[in-house]
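One structure is given here, and the rest of the page talks about it.
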Amino acid sequence: MPERLEREALAAPALEVAPALVGQVLVRALPGGRRLAARIVEVEAYEQDDPASHAHRGPTDRNRTMFGPPGHLYVYFTYGMHWCMNVVTGPAGQGCAVLLRAGEPLEGIDEMRRRRPGRPVRELCAGPARWTRAFGVDGRLDGADVIDGREIWLERGPGASRVVAAPRVGIRRAADRPWRFLDPGSPALSRPAPPLREPTAQAARRRPPRLGPDATAAR
DNA sequence: CCATAGATCGGCT
DNA sequence: GCCGATCTATGGC
């Protein structure tokens, strides 16, 4: 029997919930009943006291859902054409959330591919806006309950053999915070896995630390 | 493979 | 008016 996640698991800071969501499963029941599912392989944490977060300047009409109770979907529109989805975390009133950036398609692949003819399976949900498109998620699902809801919800998944941290993508403020979490073994990431943050002794020998700025970034 | 430009519009300064 | 928690097409190597 598929087991849904519990709301308490999301009632913690986004920074804590984010790595735990990697390896869980997002399920979508389309209007008409078809079921889509993907294993979460890449997410980003956004805290309230976080210059990169929509919640940073307090509640507005757009970000209202972020300030509500945990376990709901915060969906926003950007770049004039894309939808992105987050899972709201933390206590009500807090304004923190986890952006769902990439997933590995598990069920309903034909239905996803119908929306993206000619795409390899690993690319169908590899990117926050690709994923909402594949799953038929838009602003109408803003605020949906991902614990007890019937349109989209979270189930216990197989987990991930590893979860690594990396800088978040596409932001300017607080760009140095390594608040993106991903399964480096997944073929469905939104971009290739970054270099390991803690290099092996062998790698350290090959590329010794330098004095002064190091241009190498984990991307 | 990589880099760059263009799309396209709501939210906020 | 500016600019995004992005993606795709295109053109170069």
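We name chains A, B, ... by the order of the sequence lines, and we start the count at 1 in each one. Since the model is a prediction, treat every value here as computed from it, not as a measurement. Values below: all heavy atoms of this structure, side chains included; hydrogens, waters and symmetry mates excluded.
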Return whichever of A/Arg133 or A/Thr78 has its heavy-atom-nearest nucleotide of DNA chain C closer to the 5' end.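 On the 5' side of the pair lies A/Thr78.
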Round to the nearest Å and state the distance from [X] atom [atom1] to [N] atom [atom2].
{"X": "A/Trp179", "N": "C/dA5", "atom1": "CH2", "atom2": "P", "value": "15 Å"}
{"X": "A/Arg173", "N": "C/dC3", "atom1": "CZ", "atom2": "C1'", "value": "11 Å"}
{"X": "A/His82", "N": "B/dC9", "atom1": "NE2", "atom2": "P", "value": "12 Å"}
{"X": "A/Arg191", "N": "C/dA5", "atom1": "CZ", "atom2": "P", "value": "14 Å"}
{"X": "A/His54", "N": "B/dG10", "atom1": "NE2", "atom2": "P", "value": "15 Å"}
{"X": "A/His56", "N": "B/dT13", "atom1": "NE2", "atom2": "P", "value": "11 Å"}
{"X": "A/Arg180", "N": "C/dT6", "atom1": "CZ", "atom2": "C1'", "value": "14 Å"}
{"X": "A/Trp83", "N": "B/dG10", "atom1": "CH2", "atom2": "P", "value": "9 Å"}

Using only heavy-atom distances, decide whether a donor-acceptor pair under 3.5 angstrom links the side-chain of A/Tyr79 to the base of B/dA7.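 In this structure, the two groups form no donor-acceptor pair.
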A/Tyr46 stacking on C/dA5: centroids under 5.5 Å, ring planes under 30°?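 One would call A/Tyr46 stacked on the C/dA5 base.
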According to a strict under-4.0 Å criterion, is [X] in side-chain N/O contact with OP1 or OP2 of [N]?
{"X": "A/Arg119", "N": "C/dT8", "answer": "yes"}
{"X": "A/Arg172", "N": "C/dC3", "answer": "no"}
{"X": "A/Arg116", "N": "C/dC7", "answer": "no"}
{"X": "A/Arg57", "N": "B/dT13", "answer": "yes"}
{"X": "A/Thr60", "N": "B/dG11", "answer": "no"}

Would you mind classifying the nucleic acid contact of A/Ala52 as base, sugar-phosphate or nothing, using non-hydrogen atoms under 4.0 angstrom?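 The answer is base, as A/Ala52 lies within the cut-off (heavy atoms under 4.0 Å) of a base atom.
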Categorize A/Asn86 for me: base, sugar-phosphate, or nothing, with a 4.0 angstrom heavy-atom threshold over every strand shown.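 Base contact - A/Asn86 has a heavy atom under 4.0 Å of at least one base atom.
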Is A/Val75 close to A/Thr65 at the side-chain level, that is, under 4.5 Å between some pair of heavy atoms?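 No, their side chains stay 4.5 Å or more apart.
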I'd like to check A/Met112 versus A/Phe135 (side-chain heavy atoms, cut-off strictly below 4.5 Å). Are they in contact?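 A/Met112 reaches A/Phe135 side chain to side chain.
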Can you tell me the Watson-Crick or wobble partner of C/dA5, both distances under 3.5 angstrom?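 Looking at the geometry, C/dA5 pairs with no nucleotide.
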Write down the distance separating the C1' atoms in B/dA5 and C/dC3, rounded off to the nearest Å.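 Here B/dA5 and C/dC3 have their C1' atoms 16 Å from each other.
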From the options C/dA5, C/dT6, B/dG10, select the nucleotide whose nearest atom is closest to the side chain of A/Phe77.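 Of C/dA5, C/dT6, B/dG10, B/dG10 is nearest to the side chain of A/Phe77.
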Please tell me which of the listed nucleotides, B/dT8, C/dA5, C/dG4, lies nearest to the side chain of A/Met81?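 Closest of the options to the side chain of A/Met81: B/dT8.
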N/O donor-acceptor pair under 3.5 Å between A/Asp142 side chain and A/Tyr76 backbone: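 Not a single qualifying donor-acceptor pair exists.
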Is it the case that A/His54 and A/Tyr74 place a side-chain donor and acceptor less than 3.5 Å from each other?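 Looking only at side-chain atoms, A/Tyr74 and A/His54 do form a donor-acceptor pair, the distance falling under 3.5 Å.
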Should the pair A/Glu104-A/Arg122 be classified as a salt bridge under the 4.0 Å nitrogen-to-oxygen rule?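 Salt bridge absent between A/Glu104 and A/Arg122.
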With a 4.0 Å cut-off, would you call A/Asp148 and A/Arg7 a salt bridge?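 Yes, charged N to carboxylate O under 4.0 Å.
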